[in-house]
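Predicted model, so just to flag it, every value in this text is computed and none were measured. In what follows, every heavy atom counts, from backbone to side chain, and hydrogens, waters and symmetry copies are set aside. Atoms within each ligand, like the ligands themselves, are counted from 1 in listed order.
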Amino acid sequence: MAKGSKDNGFTALNKHRKRLSETTMREMFAADDARFNRFSAQGADILLDYSKNRIDEDVMTALFELARAAGVEERRTQMCEGEHINITEDRAVMHMALRYQGDKPVSVDGHDVMPDVRGVLKAIEAYTNAVRSGDIRGHGGEQITDVVNIGIGGSDLGPAMVTLALEPYTRADLRAHYVSNVDGAHIHDVLKRLDPKKTLFIVASKTFTTDETMTNANSARKWIAEALGEEAVPNHFAAVSTNLEACAKFGIREDRIFGFWDWVGGRYSVWSAIGLPIALAVGYDNFDRLLAGADAMDRHFLETPLEDNLPVIMALLGVWYRNAWGFSTHAVLPYDQRLSRFAAYLQQQDMESNGKSVTLSGKPVDWPTGPIVWGEPGTNGQHAFYQLIHQGTDVIPCDFLIAARPHESLPPHHDKLVANVLAQSEALMLGKTKDEVVAELKAQGLDKDKIKALAPHKVFPGNRPSNTLFYPQLTPEILGSLIALYEHKVFVQGVIWNVNSYDQWGVELGKQLAKALLPKVQGQESGEGHDSSTQGLLGYYLANKG
Ligand code: F6P
């Protein structure tokens, strides 16, 4: 079914859903010893086991047909060739160029961007090495021990998530901190333990106009100026932006401004100079390894047939559940404590990209688009929200992520972690039937009445889908590959849903209204004209602000 048809081809999936509704994964596994081999694939050193999904060969064939009909391959080529696929902002989408390891030119608007990309990387390397070695110091000559990144959204979530994930590669004497929220508590609580003489701020903002970031940057600047004098400011600040003029105006030294380009979306910018705090925290070589890992996933995505292509498979399974089964959320559950911010990062990547309700041509979509993405690391989640995943009324497709090797030698922790992640996907798939529950309770010696009362509560419906991503170890390369995997998944889904995954107009209205409300919140203008709720809340604030 071609893109642009009334239902975008999703109705054709319904007959498969009806057919699959008659069976369970438990039955399909019992009938087919080769199910794991049939429904698993590898790319860039990552194993994807997608056998615990409500699929068979016919479903997958229909999904690959859907991808082809939607033009996924053509669109992928257009993206690589620098076409302005972000049509509402008239921009190319070229974050893959930021991590490209080959030697071919990469053209955007007739210009090979690779020399610019590599030039900025060289500058980041030199600056990073100089700060880490102590060649660049604070104003009074002290070694920098703390780097505070000030940014929000894509200028915060990626570097913050990656820094946590790569903790084994960090140095105890150089710590990275992240301040994003305009809530003064955030910067206050970060700065209260820091010494201005040894603190370096990075102001990270693609536009260099974002209110939260500029407010935090001004507070940071005041903190340095009050402690060390105005003249110390240039030695304690660096900036990352596409708006070089605004950085210079803020007072950042020219040689400490690191640029990037409008063909890099904020939520796809971790590979650009936005990664500067990562390079400072883990060293430039490890940042480079992150880029290489992402490039390895790019090669896989660009060169592997759809049938073996990890991002494509994951995207299609997401479409299958969203559009044929009506499941509205998707859980990302890393069994990797260091990926504790991975789901938060993916929330922006996925929900800001595909949380859209008009097609590329501006018509309302007739089908559900981006799911609600959420998650927390296992095993913690098991003792919190997994109850609902196992026995709640909603079916929630899950991604489990797990490394084969931990970084630390602490037996038996990792074996237990692995046992848990395998147990969860097995439990979700198998469930527990009433007969099994009754047999178990009988074996425990419970009487008939007790068994009758308890059994319904102990039944697990099962047949609940999950993917498992297994990788050798959470190295910079693997992390780069994992992030790029999800980026491409989001791209493929955006093509199938026929939305622009690269704009984010939905964040604008709140920004506009906040700007208009500020003078009213500050008591300089009356709140008249607002709805009664807003006026009531405003009144409460003004009466209680103290
Ligand atoms: O408001 C949304 C957004 O534009 C995100 O897309 C972006 O990552 C974030 O704000 C931060 O923007 P900037 O890097 O320009 O400060």
Side-chain angles (χ1 to χ4, degrees), residues 85-95 98 120 124 148-163 178-183 186-187 201-221 237-250 252 257-278 341-356 370 373 483 486-487 490-491 494 499-518:
I85 64 168
N86 176 359
I87 50 167
T88 62
E89 295 180 313
D90 193 17
R91 287 175 183 165
V93 173
M94 293 300 289
H95 46 273
L98 298 168
V120 172
I124 291 175
V148 181
N149 187 77
I150 296 177
I152 196 164
S155 301
D156 165 73
L157 286 162
M161 179 274 286
V162 170
T163 307
Y178 291 87
V179 169
S180 51
N181 203 321
V182 77
D183 182 347
H186 201 175
I187 191 160
F201 291 95
I202 300 171
V203 185
S205 173
K206 180 174 170 182
T207 53
F208 224 75
T209 56
T210 303
D211 191 42
E212 290 92 330
T213 300
M214 298 328 294
T215 304
N216 278 319
N218 284 321
S219 296
R221 189 198 168 111
F237 278 84
V240 179
S241 186
T242 57
N243 187 351
L244 307 185
E245 225 173 274
C247 298
K249 225 166 162 189
F250 184 86
I252 313 273
I257 300 174
F258 302 90
F260 62 112
W261 307 274
D262 72 359
W263 41 263
V264 182
R267 54 193 172 275
Y268 298 90
S269 64
V270 67
W271 324 102
S272 72
I274 289 290
L276 178 63
I278 303 172
R341 295 293 287 160
F342 195 59
Y345 172 77
L346 290 184
Q347 282 177 330
Q348 187 197 17
Q349 189 195 87
D350 197 319
M351 293 163 80
E352 206 176 63
S353 296
N354 286 339
K356 311 284 164 68
V373 176
I483 301 170
Y486 279 92
E487 283 181 352
V490 166
F491 165 82
V499 296
N500 182 2
S501 303
Y502 299 102
D503 60 12
Q504 56 286 317
W505 302 107
V507 300
E508 292 304 322
L509 179 58
K511 286 187 197 173
Q512 270 172 14
L513 296 189
K515 206 169 176 188
L517 273 162
L518 184 60

- Message: Within the structure, is a non-hydrogen atom of Glu212 found at a distance of less than 4.0 Å from ligand 1?
- Response: no

- Message: Under 4.0 Å, heavy-atom basis, I'd like to know which part of Gln504 is in contact with ligand 1: side chain, backbone, both or neither.
- Response: side chain

- Query: Would you say the side chains of Ser501 and Asn354 form a donor-acceptor pair under 3.5 Å?
  - Reply: yes

- Task: Using the side-chain hydrogen bond (donor to acceptor under 3.5 Å, both in side chains) rule, pick out the option among Glu487, Gln504, Gln347 that qualifies with Arg267.
- Result: Gln504

- Task: Answer yes when Asp503 and Lys356 have at least one side-chain N-carboxylate O distance shorter than 4.0 Å, and no when they do not.
- Result: yes

Looking only at protein heavy atoms, which one is nearest to [atom], and how far off is it?
| atom | result |
| --- | --- |
| atom 3 (C) of ligand 1 | Glu352 OE2, 4.2 Å |
| atom 15 (O) of ligand 1 | Thr207 OG1, 2.6 Å |
| atom 8 (O) of ligand 1 | Gly154 N, 2.7 Å |

- Which word best sums up how the rings of Tyr502 and His95 line up, parallel for under 30°, tilted for 30 to 60°, or perpendicular for over 60°? tilted

Taking only heavy atoms of [X] into account, list the atoms of ligand 1 that are under 4.0 Å away from them.
| X | answer |
| --- | --- |
| Ser155 | 13 (P), 14 (O) |
| Thr210 | 12 (O), 13 (P), 15 (O), 16 (O) |
| Gln348 | 5 (C), 6 (O), 7 (C), 8 (O) |
| Val507 | 1 (O), 2 (C) |

- Message: Test your reading of the model: is there a side-chain donor-acceptor pair from Thr213 to the backbone of Ile150, 3.5 Å cut-off?
- Response: no

- Among Glu508, Lys511, Arg267, closest by any non-hydrogen atom to atom 4 (O) of ligand 1: Lys511

- Query: Hey, what do you get for OH (Tyr268) to OG (Ser353), rounding to the nearest 0.5 Å?
  - Reply: 2.5 Å

- Task: To the nearest 0.5 angstrom, please state how far the CG atom of Asp156 sits from the CD atom of Gln348.
- Result: 9.0 Å

- Task: Might you check, step by step, whether the distance between atom 10 (O) of ligand 1 and some protein heavy atom is under 4.0 Å?
- Result: no

- Between Tyr486 and Tyr345, does a ring pair (Phe, Tyr, Trp, His ring centres under 6.0 Å) hold up when you go through it step by step? CA-CA 11 Å; Tyr486 279 92; Tyr345 172 77; 9.3 Å; no

